[in-house]
Asker: 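Have a look at this one before I ask anything.
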Amino acid sequence: MGLKRMILAIESSCDETALALFDPQRGLVGEWVHSQVVLHERHGGVVPDLATREHLRNLAPLLERARQTSDWSGISRVAVTYGPGLAACLAIGVAGAKALALALHVPVQGVNHLRGHVWSPFIPLHAAAPAQFEQRLHALLPHLGLIVSGGNTLLFTLDASRRITVLATTRDDAAGEALDKGAKLLGLGYPGGPLIEKLATGGRADAFDFPRGIGQRSELDFSFSGLKTSLRYLLEKMTIAEVQARLPDLCASYQQAVIDALVRKTVLGLERGSHPVRSVGLSGGVANNRLLRTRLEQGVQRQQIAFLPARPQHTGDNAGMIAFAAWAEAMGPDPLEEGMGLRIEPSLELTGRAH
Ligand code: KG4
């Protein structure tokens with residue numbers, strides 16, 4: 001392998017045990033995932049104790065599988081998600097990463113999971129031409145990013161010196177949470193976002209008028225709790241048979257309300273930036289939603305700005321984005337969290353603070 005330069009990443013913050021191997025000169029050369037979605041589906045949401053046991057059970061066999069199917073001689077660093085996430089789940093990943101780093105005689109680096117989402121839209125840019133990444137990245141900064149997951153809804157900017165500034169968060173529920181809670185009210189399973197998306201394809205988005213959670217036009221912050229409450233009130237007035245018959249319309253209208261709020265606020269964020277934004281990114285689990293991708297792309301391209309959605313395999317929890325962020329952040333302005341004293345930070349925020 002010659003020069004040591006590869007990063008092995010571990011992600012275990014919630015319900016996926018994931019590994020990735022990143023080579024700055026070739027891109028992601030391997031990704032391995034053990035998903036727990038089926039296990040948690042039965043319980044209608046992630047059960048922390050079950051998730052912890054599953055990580056404990058699966059991390060070592062996954063590492064063994066990765067070792068047998070890839071060349072580890074070029075690994076120069078082990079990166080691991082140290083927050084935000086479920087404490088015991090994070091602890092398994094961090095403990096595993098430290099043990100691995102000791103065995104491989106390389107340093108360990110903590111990566112903020114949210115910064116994985118920040119960088120995930122840039123993975124295809126690197127994959128297309130690794131040697132030209134820096135130059136091409138520079139042409140896309142300042143960047144405005146929308147992170148939409150089950151736990152977060154965030155608008156941020158990434159400036160030319162790779163500094164991150166949070167522009168807006170949600171005042172209550174995250175976009176994914178609004179979809180998951182809406183699905184629960186509708187008697188659908190978990191996770192709700194993909195189930196609502198599937199049913200919505202057969203429904204009319206203008207059948208029901210749900211609040212957009214937009215608040216005052218000038219405000220950037222999101223709010224989705226009113227949307228969920230309005231669905232609950234509506235369902236209380238309908239019979240079970242009516243709900244069943246109108247399920248596609250209910251899903252399409254509810255999904256549309258979430259997407260409208262996300263797109264409108266992002267476009268507002270574009271108008272707000274002190275520097276003209278050159279690209280817009282979309283990441284997090286909800287970024288899988290095809291209608292959201294299409295609508296945001298339309299809103300962004302109308303302003304002749306590049307649209308960078310994360311690849312579907314890098315939208316939810318994954319180690320590919322952790323490995324990539326570990327590499328990209330090493331060239332950024334913030335000090336890296338590294339060393340054998342690395343701790344978990346279950347409440348870590350995007351800009352590094354634990355709350
Ligand atoms: O990023 P993620 O995997 O988990 C964390 O929150 O960390 O995001 C999960 C969220 C869930 O709320 C799920 O319902 C939503 O992403 N989601 C979707 C879609 N796929 C996943 N929401 C809308 N449309 C989808 N296709």
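Indexing begins at 1, ligand by ligand and atom by atom, following the structure's order.
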Asker: Flag Glu197 as yes when one of its N or O atoms lies below 3.5 Å from any N or O atom of ligand 1, and as no otherwise.
Answerer: yes
Asker: Considering residues at least two apart in sequence or located in another chain, which fulfil the ring pair (Phe, Tyr, Trp, His ring centres under 6.0 Å) criterion with Phe156?
Answerer: none
Asker: Where does Ile196 meet ligand 1, judged by heavy-atom distances below 4.0 Å: at the side chain, the backbone, both, or neither?
Answerer: neither
Asker: Numbering the atoms of ligand 1 from 1, which are under 4.0 Å from a heavy atom of Ser149?
Answerer: 1 (O), 5 (C), 6 (O), 8 (O)
Asker: Closest by any non-hydrogen atom to atom 5 (C) of ligand 1: pick that one out of Ala200, Gly45, Gly150.
Answerer: Gly150
Asker: With heavy atoms of Leu179 as the reference, note each atom of ligand 1 found under 4.0 Å away.
Answerer: 22 (N), 23 (C)
Asker: N/O to N/O below 3.5 Å, does that happen between Glu177 and ligand 1?
Answerer: no
Asker: Should Gly176 be counted as touching ligand 1, given the test is an N or O pair under 3.5 Å?
Answerer: yes
Asker: Find all atoms of ligand 1 within a distance of less than 4.0 Å from any non-hydrogen atom belonging to Gly151, and give their numbers and elements.
Answerer: 6 (O)
Asker: Hey, are His55 and Thr17 close enough side-chain-wise for a donor-acceptor pair under 3.5 Å?
Answerer: yes
Asker: Would you tell me which option among Ile147, Val258, Val286 has the nearest heavy-atom contact to atom 15 (C) of ligand 1?
Answerer: Val286
Asker: List the residues meeting ring pair (Phe, Tyr, Trp, His ring centres under 6.0 Å) with His314, not counting sequence neighbours, and say none if there are none.
Answerer: none
Asker: If you count the atoms of ligand 1 from 1 in the order shown, which ones are under 4.0 Å from a heavy atom of Gly285?
Answerer: 1 (O), 2 (P), 8 (O), 16 (O), 17 (N), 18 (C), 19 (C), 20 (N), 21 (C)
Asker: Measure the distances from the heavy atoms of Cys14 to every atom of ligand 1 and state whether one is below 4.0 angstrom.
Answerer: no
Asker: Centre-to-centre under 6.0 Å for His113 and Tyr82, is that the case here?
Answerer: no
Asker: Which of the atoms in ligand 1, numbered in the order shown and given with their element, are less than 4.0 Å from a heavy-atom of Asp180?
Answerer: 11 (C), 12 (O), 13 (C), 14 (O)
